S.K.: 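Submitted below is the structure of interest, expressed as structure tokens.
Predicted model, so just to flag it, every value in this text is computed and none were measured.
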Amino acid sequence: MLNNSGKIRWGIMGTGWIAEQFAADLAYTDNAELLAVGSRTSDSAGAFAAKFSVPRAYGSYEELVQDQDVDAVYIATPHPLHRDNVLLSLRAGKAVLCEKPFTINGAELEELINAARKDKLFLMEAMWTRFLPPIRQVREWLKDGRIGEARLVKADFGFRSGWNPEGRLLNLELGGGALLDAGIYPVSFASMIFGAEPEQIHSTAHIGETGVDEQFSVILTYEDGKSASLNGAIRLGLTNEAYIFGTEGYIHIPSFLNATSASLHVQGEEPVHFKDDRKEKGYAFEAYEVGKCLLEGRLESDIIPLDESLAIMKLLDRIREPWGLKYPSESQETAI
């Protein structure tokens with residue numbers, strides 16, 4: 001039962017870097033307040049609570065979700081834990097915002113969606129890029145047909161991480177690798193424009209010595225010859241920009257995953273530039289969307305619907321299948 005303050009009371013599960021970004025940004029969200037944090041140790045939860053002035057700190061995830069005053073839980077734990085952590089929260093009756101990748105594979109996500117819909121609980125993927133003002137503007141330009149028919153998408157996201165075989169990015173047991181950590185952004189971006197069910201998939205990947213995909217490239221082909229050329233990497237710095245080419249012009253988004261600007265280039269017209277001068281990093285927008293949905297009594301967002309998140313997760317499964325890439329946490333029942 002939501003309170004009468006008009007604000008969603010949040011609990012954060014996990015205390016890592018992404019949890020810190022989300023906690024800091026909640027201060028910019030007028031329909032939210034940060035009430036609690038849960039970690040696997042009391043010390044970690046206490047330190048996080050002190051840093052971000054969180055009223056309640058719990059030394060276990062179970063204690064966090066049993067707090068009756070918490071309306072929504074943000075899952076900020078490592079990738080392979082998402083399935084169990086989301087289920088734990090749903091079974092406690094909580095609304096859930098889960099950090100990307102939603103799960104390790106499509107079968108796990110299908111289980112979560114079924115559980116949420118069965119109990120009529122809110123569930124959403126924390127694909128923060130979708131909610132940024134420049135990306136919203138891009139969607140409006142596309143909806144209005146400003147570049148004619150969109151026919152080709154190019155999007156990259158890659159960075160040169162340090163060599164740490166035990167760290168999350170290079171650890172297969174933690175769901176490391178380029179596809180789930182970096183590649184999900186360009187894949188989701190292409191889905192936003194063309195959908196997540198291409199007719200053909202052509203991909204290649206470099207599997208490093210720790211067993212993770214350190215970089216990959218994929219071409220997705222859709223009906224009528226539309227296509228998306230996407231790249232992701234964790235040991236290679238890429239331009240991290242996106243282009244959408246249409247029959248009447250194109251759209252350019254520098255650093256598209258945390259976009260602060262976008263430009264529209266229509267043949268025969270002066271370029272149009274959209275600039276976002278936000279003070280926050282951008283996680284506040286997804287938190288606001290969750291609050292808006294909950295206060296309106298909706299169980300999912302139409303900006304990143306559950307069916308699309310599932311289609312994207314299944315697409316990631318299809319992309320990596322030819323690579324022979326499987327994660328240790330994938331059971332016999334859920335493996336691709």
S.K.: Any side-chain to backbone donor/acceptor pair from Glu197 onto Gly195? Under 3.5 Å, distance only.
M.R.: no
S.K.: For Gly106, is there any backbone N or O sitting under 3.5 Å from a side-chain donor or acceptor partner on Asp317?
M.R.: yes
S.K.: Students often mix this up, so state it plainly: with edges at 30° and 60°, are the rings of Phe52 and Phe48 parallel, tilted or perpendicular?
M.R.: tilted
S.K.: Phe122 and Met13: same hydrophobic cluster, using ILVMFWY side-chain contacts below 4.5 Å?
M.R.: yes
S.K.: What is the distance from atom CD of Glu111 to atom CG of Leu87, rounded to the nearest 0.5 Å?
M.R.: 5.0 Å
S.K.: Is there a path of hydrophobic side-chain contacts, each under 4.5 Å between heavy atoms of I, L, V, M, F, W or Y residues, that connects Val266 with Val272?
M.R.: yes
S.K.: I need the minimum non-hydrogen distance between Ala36 and Tyr58, along with the two atoms involved.
M.R.: CB-CE1, 3.9 Å
S.K.: So, Arg160 side chain and Arg235 main chain: donor-acceptor pair closer than 3.5 Å or not?
M.R.: yes
S.K.: So, Ser89 side chain and Asn85 main chain: donor-acceptor pair closer than 3.5 Å or not?
M.R.: yes
S.K.: Under 4.0 Å between a Lys/Arg side-chain N and an Asp/Glu carboxylate O for Arg278 and Glu280?
M.R.: no
S.K.: Quick one: does any side-chain atom of Thr29 pair with a main-chain N or O of Ala32 as donor and acceptor, under 3.5 Å?
M.R.: no
S.K.: Parallel, tilted or perpendicular, judged at 30° and 60°: which one describes the rings of Tyr283 and Trp128?
M.R.: parallel
S.K.: Could Asp25 and Lys281 be called an ion pair, given the rule that one side-chain N must be under 4.0 Å from one carboxylate O?
M.R.: no
S.K.: For the residue pair Gln200 / Thr221, report whether a side-chain donor-acceptor contact shorter than 3.5 Å exists.
M.R.: no
S.K.: Donor-acceptor pair, distance only, cut-off 3.5 Å: does the side chain of Thr247 make one with the backbone of Glu149?
M.R.: yes
S.K.: May I have the step-by-step check of side chain to side chain donor-acceptor pair (under 3.5 Å) for Glu173 and Ser329, ending in yes or no?
M.R.: CA-CA 7 Å; Glu173 291 189 359; Ser329 63; over 6 Å; no
S.K.: How close do Lys154 and Phe245 get, counting heavy atoms only, and between which atoms?
M.R.: CD-CE1, 4.0 Å
S.K.: Can you tell me how far apart CD1 (Ile135) and CD (Glu140) are? Round to the nearest 0.5 Å.
M.R.: 13.0 Å
S.K.: Any donor-acceptor pair under 3.5 Å linking the side chain of Thr129 with the backbone of Leu257?
M.R.: yes
S.K.: Salt bridge or not for Glu248 and Arg146, using N-O below 4.0 Å?
M.R.: no
S.K.: Ignoring hydrogens and geometry beyond distance, is a side-chain donor-acceptor pair present between Glu330 and Asn105 at under 3.5 Å?
M.R.: yes
S.K.: Heavy atoms only: give me the nearest Leu325-Arg320 pair and the separation to one decimal.
M.R.: O-NH1, 2.8 Å
S.K.: For Asp276 and Thr260, test the side chains for any donor-to-acceptor distance below 3.5 angstrom and give the result as yes or no.
M.R.: no
S.K.: Between the side chains of Arg117 and Glu300, is the shortest nitrogen-to-carboxylate-oxygen separation below 4.0 Å, so that they form an ion pair?
M.R.: yes
S.K.: Whether Asp67 and Arg56 form a salt bridge (side-chain N of Lys/Arg under 4.0 Å from carboxylate O of Asp/Glu) is what I want to check.
M.R.: yes
S.K.: Quick check: closest heavy atoms across Leu170 and Gly162, and the distance to 0.1 Å?
M.R.: CD1-O, 4.0 Å
S.K.: Does the pair Asp181/Arg168 count as a salt bridge with the N-to-O cut at 4.0 Å?
M.R.: yes
S.K.: With a 4.0 Å cut-off, would you call Glu296 and Lys292 a salt bridge?
M.R.: yes
S.K.: Hydrophobic clustering (ILVMFWY, side-chain heavy atoms < 4.5 Å, transitive) - are Leu299 and Val290 grouped together?
M.R.: no
S.K.: Under a 4.5 Å side-chain heavy-atom rule over Ile, Leu, Val, Met, Phe, Trp and Tyr, are Leu238 and Phe216 clustered together?
M.R.: no
S.K.: Can a side-chain donor-acceptor contact be found between Glu241 and Ser255 if the only test is distance below 3.5 angstrom?
M.R.: no
S.K.: Classify the angle between the aromatic ring planes of Tyr185 and Phe157 as parallel (below 30°), tilted (30 to 60°) or perpendicular (above 60°).
M.R.: perpendicular
S.K.: Please report the interatomic distance NE2(His265) to CH2(Trp141), rounded to the nearest 0.5 Å.
M.R.: 8.0 Å
S.K.: Between Ser227 and Phe194, which heavy-atom pair has the shortest distance, and what is it?
M.R.: O-CE1, 3.4 Å
S.K.: Parallel, tilted or perpendicular: which one describes the rings of Phe22 and Tyr74, with boundaries at 30° and 60°?
M.R.: parallel
S.K.: Would you say Trp17 ends up clustered with Leu180 if hydrophobic residues are merged whenever their side chains have heavy atoms under 4.5 Å apart, either directly or through other cluster members?
M.R.: yes
S.K.: Treating Arg139 as the side-chain partner and Pro134 as the backbone partner, does any N or O pair qualify as donor plus acceptor under 3.5 Å?
M.R.: no
S.K.: Are Asn231 and Ser217 close enough that a side-chain donor and a side-chain acceptor fall under 3.5 Å?
M.R.: yes
S.K.: At their closest point, which heavy atom of Ala190 faces which heavy atom of Tyr222, and how far apart are they?
M.R.: CB-OH, 3.9 Å
S.K.: Begin with the C-alpha distance, continue with both residues' side-chain angles, and end with the deciding distance and a verdict on side chain to side chain contact (heavy atoms under 4.5 Å, CB included) for Ile251 and Leu142.
M.R.: CA-CA 9 Å; Ile251 295 169; Leu142 292 172; 4.0 Å; yes
S.K.: Under a plain distance cut-off of 3.5 Å, with no hydrogens placed, do Thr204 and Trp323 share a side-chain donor-acceptor pair?
M.R.: no
S.K.: Any side-chain to backbone donor/acceptor pair from Ser161 onto Ile234? Under 3.5 Å, distance only.
M.R.: yes
S.K.: Distance-only, no hydrogens or angles: does the Arg130 side chain make a donor-acceptor pair with backbone N or O of Ile303 under 3.5 Å?
M.R.: yes
S.K.: May I have the step-by-step check of side chain to side chain contact (heavy atoms under 4.5 Å, CB included) for His206 and Asp213, ending in yes or no?
M.R.: CA-CA 6 Å; His206 169 61; Asp213 54 310; over 6 Å; no
S.K.: Using the side-chain contact (heavy atoms from CB on, under 4.5 Å) rule, pick out the option among Val96, Thr77, Ile104, Leu109 that qualifies with His82.
M.R.: Thr77
